[in-house]
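Starting from 1, each residue takes its place in the sequence as its number. Hydrogens, waters and symmetry mates play no part in the numbers below; they use all other heavy atoms, side chains included.
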Amino acid sequence: SLSTVHTIFSAFIMISSMALQRITIPIRHFTSTAIASINIPHLVKTSARCSFPTIIRHYSRGSYRGSSTDNLRPASSSNTRFTNGLFSLPNLHRPQDFLKLANDAIQDCNSLRQIIQSSLLHNETDGTYSLSPRETLHILDNISNTVCSVIDASELCRSVHFSDEWRHEASVAFQMLSAYIAELNADVSLYQSLVPITSNASIMSSLSEEERRMATLLQKEFERDSIHLPDDERAQVRQLNAFVVQLETMFMENLTEHKRFNLYGSLTNDVYRTIPKHIIEQNIPQNDQGQNKSYLDTSEFVTLTTEPHIANSLLKYSPSSALRKEVFMEANTQCPQNLQVLDALIQQRHALAIKMGYPSYTHYFLSDKMASSPDNVASFLNHVRNASKDKYNRDLEILSRAKAQIEGTLQPLQPWDLSYYISIVKNHLCEGYDDAGEESLAGYFTLDKTLEGMKSLVQRLFGITMVEASMTLDERWDNAESQSSSEASGIRKFEFYQEDDGKPLGTMYLDLYPRPGKYTHAAHFTVRCGCESRFETNSGETQYQLPIVALVFNLSPPQRNLGSIAVLSHSEVETMFHEFGHAMHSLLSRTSFQHLSGTRSAMDFVETPSHLMEYYVWNEEFLKMIGRHYQTGDSIPEKNIKNLIKSRTLFKALEVQSQW
């Protein structure tokens, strides 16, 4: 039933809310040569270099008052006015605002650092600290909240905004704050403010469990970021970190640039036999004349792009081996410049690890993960590889026989054959499997019904309501003025509330369809974490800073011949629920410290809630609810549902082995 995973999912939310660990690693590595025929991995995007703190509440700047709990909130100002801009964030209306917000965040954090330093100085002169342990932890979290709010917003903007200028300014702010975070991580006074807390058993026992976790994790993070090294070596570490961030940023930005290419002659007809010409022309502007076309070649040509929804469709459904090969090679060689970037990144990461006292970057990377060591990872991977090896060989044999029978050739199976023949064999073994063909599941999944399913699921599982909200032009990041509606542009906004008392829980944006300059895969971006904001209301109650997240997709856009309805494949629905699991992780987390909030947990734990949410799109009861044909309203035939569920385990070994 639908409640099968409820208890487990809720337990993981609670565990994560207690904050197992804070992610303190660079941007995760993306490969530009992932096989297009294999499902694109779902990713959680967190602040790439937010290794000290984490996310945006750009509160009013000003002096801090007193030496008691007043230190935990800024002085109020009746003249302060905040207006929501991009991503609903305060005062982010123009590209240039990113630089101002970054500078303001640095200035605010420096003021907070001075408070910490004053407390340490007070201890040197009077033998007592002017800040209590609890105040110290909250000020450290305020530093985290201030700087990472801006850097998280800049990471999302540089990954999705339609404007080159916005993406550029966001990247500048991102790099500036990345360097500043490296400075924070090397601030000895911040580290020294924690040692008297963690080294005193009496103080630690007086704190809550969450406060103890916060203190312990922050200390470990400081020590992981070279705080124990001499000054000159810490400066070298900061420089190496800056190099790493620049290279990671360059690598990621290169991936957002889709390659356009032309195919000629018979390959043009092969394309149109798979994807109708009018759909190609709706999605890809056609060149007036072929690039690199010989003046002797007068054949027809078609312009394609390496965007996943085009390339993967051709790889999966085109019977032309020649076409699949061309598309595969173009899609997997679209960023040749990243080869040099990757070489440099490997070199700089290794240098950083050696400087930090680790034998390799792998050891350094895993030091704060649940896996903990390269030996544990290798043991796990080898176990999985060996356990699936026989099944993998049988899978390859089945696909090779299918190719030989269909093509009448003994040529070996190629990478561009995998998606096509997997689809054919699955459709043969599980009649009704094909989730985008003319029969079976075609037309049964739409965006609207998928969103209705999300609303129903969170209401039944968690007792919360999901309500679509309107957006201002300032908070959008698409070219909204050229779109007639949010549905047409593909950016939607939803707010979540507790069902019993109507209290707000947070905001989720959906960025649904491809566009130039946009991140090409599916990802969850944290825009702002939830935490106690340490701002009191007039009634004296502590306010809670509500989380904001954005889920980024590259779904099949609505087609005019379908009445502008967004018809999805089952795999696209699965992707949406995967990322929705990350969103629930962020939105349902209720921690005092944003540093411990939501997906800011150990990387090898963070995928658990998202994978649990995926199970619902393989649940028969749930599939009957969301699977309604866009024309007739009919439910998916029960036989097709059972075959779909059966197909899930087919060729799993091939998928597992392809991860190496």
Task: Under 3.5 Å donor-acceptor, Lys426 side chain and Leu644 backbone - done: no
Task: is_close_aromatic(Phe87, Phe525), centroid dist under 6.0 Å - done: no
Open item on the list: I'd like to know if Glu452 and Lys449 make a salt bridge, using a cut-off of under 4.0 Å between side-chain N and carboxylate O.
Closed with: yes
Task: Donor-acceptor contact present, side-chain Glu210 to main-chain Ser592, <3.5 Å - done: yes
Task: Test item: Thr575 side-chain N/O and Ser571 main-chain N/O as donor-acceptor pair under 3.5 Å - done: yes
Open item on the list: Test of understanding: with side chain to side chain contact (heavy atoms under 4.5 Å, CB included), list the residues that count as partners of Glu475, not counting sequence neighbours.
Closed with: Ser88, Met471, Thr472, Lys493, Tyr509
Open item on the list: Given 3.5 Å as the limit, does a donor-acceptor pair link the side chain of Lys642 with the main chain of Glu638, or not?
Closed with: no
Open item on the list: Please check: side-chain N/O of Ser423 versus main-chain N/O of Tyr420, any donor-acceptor pairing under 3.5 Å?
Closed with: no
- [ ] Could I get the full list of salt bridge (Lys or Arg N to Asp or Glu O under 4.0 Å) partners for Lys652, not counting sequence neighbours?
- [x] Glu655
TODO: Verify whether one side chain among His585 and Ser610 offers a donor that lies under 3.5 Å from an acceptor in the other.
DONE: no
Task: Side-chain (Thr591) to main-chain (Phe593) donor-acceptor, under 3.5 angstrom - done: yes
TODO: Considering only NZ, NE, NH1 and NH2 on the basic side and carboxylate oxygens on the acidic side, decide whether Asp417 and Arg324 come within less than 4.0 Å.
DONE: yes
- [ ] Look at the aromatic rings of Phe445 and His570 and report parallel, tilted or perpendicular, splitting at 30° and 60°.
- [x] tilted
Open item on the list: To the nearest 0.5 Å, what is the distance between CD1 on Ile626 and CG on Asp448?
Closed with: 12.5 Å
- [ ] Mark yes or no for whether Asn554, through its side chain, and Thr520, through its backbone, hold a donor-acceptor pair below 3.5 Å.
- [x] yes
Task: Point-to-point distance, once rounded to the nearest 0.5 Å, from OG of Ser601 to CE of Met370 - done: 9.0 Å
Open item on the list: What's the separation between atom NZ in Lys503 and atom CG in Leu546, rounded to the nearest 0.5 Å?
Closed with: 11.5 Å
Task: Separation between CG of Leu505 and CG of Leu588, rounded to the nearest 0.5 Å - done: 6.5 Å
TODO: Kindly say whether His161 contributes a backbone atom to a donor-acceptor pair with the side chain of Arg167 at under 3.5 angstrom?
DONE: yes
Task: Any donor-acceptor N or O pair under 3.5 Å, side chains Gln334, Thr306 - done: yes
Task: Geometric class of the Phe580/Phe496 ring pair [parallel <30°, tilted 30-60°, perpendicular >60°] - done: tilted
Open item on the list: Strictly below 4.0 Å, N to O, side chains only: are Asp395 and Lys391 in salt-bridge contact?
Closed with: yes
- [ ] Identify the residue among Ile641, Ile636, Val567 that makes a side-chain contact (heavy atoms from CB on, under 4.5 Å) with Tyr444.
- [x] Ile636
Open item on the list: Quick one about Ser556 and Glu572 (side-chain donor to acceptor, distance below 3.5 Å, no hydrogens or angles considered), yes or no?
Closed with: yes
- [ ] Determine, for Asp634 against Arg628, whether the closest basic-nitrogen to carboxylate-oxygen distance falls under 4.0 angstrom.
- [x] no
Task: Test item: side-chain donor near acceptor, Ser388 and Gln657, under 3.5 Å - done: yes
Open item on the list: Please tell me whether Ser373 and Asn376 have a donor and an acceptor in their side chains that are separated by less than 3.5 angstrom.
Closed with: yes
Task: Under 3.5 Å side-chain donor-acceptor pair for Tyr616 and Glu614 - done: no
Task: Leu510 CG to Glu468 CD distance, which is reported to the nearest 0.5 Å - done: 8.5 Å
Task: Sidechain N-carboxylate O distance under 4.0 Å for Arg460, Glu621 - done: yes
Open item on the list: Checking Trp477 against Ile491 for the side chain to side chain contact (heavy atoms under 4.5 Å, CB included) test, could you report, in this order, the C-alpha distance in whole Å, the side-chain angles of both residues, the deciding distance, and whether it holds?
Closed with: CA-CA 8 Å; Trp477 56 94; Ile491 294 184; 3.5 Å; yes
Open item on the list: Quick one, Tyr497 with Glu499, criterion side chain to side chain donor-acceptor pair (under 3.5 Å). Give me CA distance, side-chain angles, the key distance, then yes/no.
Closed with: CA-CA 6 Å; Tyr497 301 89; Glu499 190 176 36; over 6 Å; no
TODO: Hey, can you tell me if Tyr361 and Tyr364 have their rings parallel, tilted or perpendicular (30° and 60° cut-offs)?
DONE: tilted
Task: Donor-acceptor under 3.5 Å (Asp478 side chain, Arg515 main chain) - done: no
Open item on the list: Show, in sequence, the C-alpha distance, side-chain angles and deciding distance for Asp511 and Arg492, and conclude whether the salt bridge (Lys or Arg N to Asp or Glu O under 4.0 Å) test is met.
Closed with: CA-CA 7 Å; Asp511 188 344; Arg492 312 275 287 270; over 6 Å; no
